[in-house]
Amino acid sequence: MMNDSNNSDDNLSEELNSKLNIPSASYIEDISQLLSNIENGGVLGGVNNRPVRKHANQDTTSPEWFKHKKHFFIFSQSGKPIYSRYGDEVALNTFMASLSAMSSFVESQNDTLRYLVAGDFQFVFLHRPPLVLVCITKTKEPNSIIATQLEYAHSLIVSVLTQTTIKMCIEAKYDLRDLLGGTDKFIDSIIHTVDSDLSILLNSVQCLKLNSNLRNSLTNILSNHKSDQILFSILLSGNKLISLVKQKKSFQLKPQDVHVLMNSVSSTSSFKESESWIPICLPNFNDASYLHLYICYIYPDRDICILLFSAQADAFYQLSETKKAILKDIEETEGLADELKKAVQNHDYSINQTEVPHLLHFIYKCRPTQFSTYPIYSPPYSSKPEKKRLFRLYQHIVNRVNSSPQKFHKYFYHTSQHETVIVAIVGHHELYATFSPLEKKSTVFESFTLLLQWIKDNEQNLFLN
Amino acid sequence: MSGNLDTSLHYFLIFNPKLGQKEGTEHEKILFFYPQTISIGDQTNFVGLTEGYIVCTRQFSPEKPCEFIHTQKNTITILSPEPDIWIVMSVSNPSQPGKDAKQRDYVEDETDEFILKRVAQQVYSMWTLFNGPLLKLPQDKQPINYEQLRKRVDQFLKPYIQQMAFDQLDIFNSLDGIRFLPLNKNVYLTLISYVNSIECNFQSTIPSFKFGTLLYKDNIIWSSLNQNDTRSIYNYLTNIVKIGSDSSTGGTSWMILNNNGEPNWHTKGSKKNGFLNMIDLTSKSTLPFVYLEDKEKQTTMIIYEQKDTIILFFIDPVDIHLLKFEELSASLVSKFEFINPILDDSYTKKSFFDDQYKYIYFNQMNLAIRASIKSKSPELTKDILKILNDIHADFETSSENISETIIKTQTDRWIVAKRIDFREFYFIFDNKNTTLLEIDEEVKNLTNKYFKNLFIE
């Protein structure tokens, strides 16, 4: 299972280098080398080597290009194209320049363009100098939520390059796309994720549902192997957090960073094949420099992997040893590994398991810890359009309820054609529960109370402590 | 700049993109710009930017190009009410001093785009009511004299825009409803027969003489006009002439024709019994023309007011010399003296329910609005206003067809909003310690008790 066991150290580092699809720390430290690399066709072999993407041949001359529901564009403040979700960004040069002209005119008035509304379309702008991100959409999502989605795309780019490198490249008038080559698929993937992920909608992280004793054992094991080298030790499965240990209590890992991290890990299939060592920047932790991330799937068949963060570029071998020790402890604790794998398999739960009558769906966030939980969609939310519709409804309500962070509404009760959604927000949690619009208010209220009790009873297994 | 700044007008612009095609003459596109304190260079830039927004968005949305633009500091609405005419209204977002002395913090989500759109539409409606379309061709089919048009638009719109309170726009502006006076059936029928007899009486000699609208204070009793014309005239009467408000507050103005036959705001007058828009009974030439349903044809509007009853008549301008104003006035005086107390009775009676509950009721079908909360009242804090605006916007725009929204705010106020077909209800409760179920029960009770027959007495 472990590819590294037969490799000598030299082989391993060679293999690692070949697997890097992101400029490694040593390149970045030497700026002149970095720039000369770009000039010589790019660190990563340049734009030409990028895989062909869907709709890549479309541009503003193709009628079908305008029919996409949701466009994303990234360009530099001077209008140089960097990314387009659909179509070839070079062919879209003129179009992006016109978007850039609008935003820079407003900027010249000492103002900032936020969004335009044109019929069914919204044009949402996000300024993150020296980059501008734009979403053009007819999905009718709240503008503030689209702005958050653009922020995710921006964070992803920062996680690959760091804000320092982005600034430096733009200032030196180098084409950022040469450095980002191959990152398009990460951006594609995060754009896709933010459009359906309920934990991101609640600005939270989903935890693996796990017996609290087992979780404590795992956390203890991670804690036992804490060292000065390791800033964070994380155990996760897919987009679910299993355990997290920080070197210092004061360290903050924002949900946005966790999701950007999960996106990068899960969109690179080669990580599953061997240990990896990559530079990554956590934008909300420190957007100026890289951390070094050790990635190893300890149980690839269950997507369970260990992530160890270090500030030191040469800590790979030490972290690899740490992982071995952690894995040994997990394996040696009776039943732990099996129970963990079982938990991954059994994570998904349906509303039936809550035994709350009349309930159709719910989402819950624990506010102080920013962890969330929600059941899988079950009938009437079986088809893709119905799932999306409920997601859009939650987006709308989350936006209305949290109109400003300090002034969230205490209660919100919404009835429309297909559902009733009741929301309660207190200091500790926010709960959104969905019912049929035909239910009586008293029935809804009763079920809502039962649901809160069920979450309280299961809190220990649903979330990290 | 220091202290807190409320929403205010940034600029109001009307332009024709077909003009000023040659480089260096772009400023000729501008038909109206307010305020003139903004340099001609910046004015031209705003036109250019608007054209840029339109061209870019039109690629995606050909039928409805750019309607709203939100920036950190401004909220802008764009409308094109007739071909080749674009109206741009930019409003400054409220702001307060930031932590850093050089920075200001802008409140970006307080300015409701639907209210702005409605207000810009009202400005245009006011223009068309008294002037017809902006680009109507002169009767001799000569090309439009743009110099003259610019002068007239400035003369008409500048004073109108200057008196608008942009810091006091609220849900009433976006509903843009009409208050109707609920009347006892017998009173209502008596009134109609009065009005009919007057109309018949004068029609026998002047066929173009027509009854328009009857009001008591700021409530409409009956209107023979279509909904849009009724709404335009109602806005003119309540917001400009300020009927129904204390006559002592002053600030009222009305529209009269000047010596050149151009509509002009007449601001010196105070309210009086008799014909409005006339200096005295002999100066018929000051009576303004209005453009109703058929925007091409002008008709003379006659407004008669006695105590708080107001009646409107329309007449073809060529027939105006036939109308004997003394006779009309005499026949109105006798009838009005009798009905005034009855109307006053109905007007004051309705406030019993209004004292007990804070509510707004709006019917999209006939634009009827009823409310115990007054526009601009302290009851409507900024938070509450934003919530009401948001709920109304959701009712109007959501594809989910929302029928009910209940909110308990941070400050423990309950807001209940319901929509049934074309009717919208909004209730505000201040009972801190009630539950959602109790509030629901109360709303049920009071709608059953009062609303069932409140509007169809």
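Comparing A:Glu419, A:His414, A:Arg400, A:His409 by how many heavy-atom pairs each has under 4.5 Å with chain B, the most go to A:Arg400. With chain A as the partner, the residue from B:Thr397, B:Thr409, B:Leu437 showing the most heavy-atom pairs under 4.5 Å is B:Leu437. Options B:Ile76, B:Val55, B:Asp412 differ in how many heavy-atom pairs under 4.5 Å they form with chain A, and the most are formed by B:Asp412. Per-residue counts of heavy-atom pairs under 4.5 Å with chain B were compared for A:Phe66, A:Phe445, A:Tyr115; the largest is that of A:Tyr115. Of the residues considered (B:Lys408, B:Glu113, B:His70), B:His70 shows the highest number of contacts with chain A, using heavy-atom pairs under 4.5 Å. In terms of heavy-atom pairs under 4.5 Å with chain A, the best-connected choice from B:Lys64, B:Lys73, B:Lys386, B:Glu108 is B:Lys73.
Neither the backbone nor the side chain of A:Asn143 comes within less than 4.5 Å of any heavy atom of chain B. Neither the backbone nor the side chain of A:Phe125 comes within less than 4.5 Å of any heavy atom of chain B. Only the side chain of B:Leu49 comes within less than 4.5 Å of a heavy atom in chain A; its backbone stays farther off. Residue B:Thr435: no heavy atom, backbone or side chain, is found under 4.5 Å from chain A. Interface residue A:Thr112: backbone and side-chain heavy atoms are both found under 4.5 Å from chain B. Using a 4.5 Å cut-off between heavy atoms, B:Ile387 touches chain A through its side chain atoms alone. B:Asp390 touches chain A through backbone and side chain together, each having a heavy atom under 4.5 Å away. Looking at B:Asn45, both its backbone and its side chain come within 4.5 Å of chain A, counting heavy atoms on both sides. Proximity to chain B involves both the backbone and the side chain of A:Phe412, based on heavy atoms less than 4.5 angstrom apart. When heavy atoms are compared at a cutoff of 4.5 Å, A:Ile425 does not approach chain B at all. For B:Ile69, the parts lying under 4.5 angstrom from a heavy atom of chain A are both the backbone and the side chain. When heavy atoms are compared at a cutoff of 4.5 Å, B:Gln59 approaches chain A by way of both its backbone and its side chain.
Between B:Glu441 and A:Lys441, no side-chain nitrogen of the basic residue sits less than 4.0 Å from a carboxylate oxygen of the acidic one, so the salt-bridge criterion is not met. Of the charged side-chain nitrogens involved, at least one lies within less than 4.0 Å of a carboxylate oxygen, so that A:Arg389 and B:Glu400 count as a salt-bridged pair.
In this pair, B:Trp414 and A:Tyr411 present their aromatic rings parallel. The plane angle is below 30°, not in the 30 to 60° band. Taking the six-membered ring for Trp and thresholds of 30 and 60 degrees, B:Phe46 and A:Phe105 have ring planes more than 60 degrees apart, a perpendicular arrangement.
A distance-only check finds no donor-acceptor pair linking the side chain of B:Glu63 to the backbone of A:Gly119 [under 3.5 Å]. A distance-only check finds a donor-acceptor pair linking the side chain of B:Gln410 to the backbone of A:Phe408 [under 3.5 Å]. With hydrogens and angles ignored, the 3.5 Å screen pairs no side-chain donor or acceptor of A:Lys410 with any backbone N or O of B:Thr411.
At a cut-off of 3.5 Å, with distance as the only test, a side-chain donor of A:Asp111 or B:Thr71 sits close to an acceptor on the other residue. Inspection of the B:Asp394 and A:His396 side chains reveals an N or O donor paired with an N or O acceptor under 3.5 Å.
Between A:Tyr413 and B:Val416 there is no side-chain heavy-atom pair separated by less than 4.5 Å. By the 4.5 Å heavy-atom criterion applied to side chains, B:Asn401 and A:Ser416 are not counted as neighbours.
Between the CZ atom of B:Phe60 and the NZ atom of A:Lys138 there is a distance of 10.0 Å, given to the nearest 0.5 Å. Considering CZ of A:Arg114 and OH of B:Tyr106, their distance stands at 11.5 Å, rounded to 0.5 Å. Here CD of A:Gln109 is found 13.0 Å from CD of B:Gln72. Values are rounded to the nearest 0.5 Å. One finds the CG atom of B:Leu436 at 5.5 Å from the CD1 atom of A:Ile422 (value rounded to the nearest 0.5 Å). The SG atom of B:Cys56 sits 6.0 Å away from the CD1 atom of A:Ile136 when rounded to the nearest 0.5 Å.
Around NZ of A:Lys388, the count of heavy atoms belonging to other residues, nucleotides or ligands within 6.0 Å exceeds 12.
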Could you please spell out the steps behind the side chain to side chain contact (heavy atoms under 4.5 Å, CB included) verdict for B:Cys66 and A:Phe123?
CA-CA 10 Å; B:Cys66 199; A:Phe123 293 56; over 6 Å; no
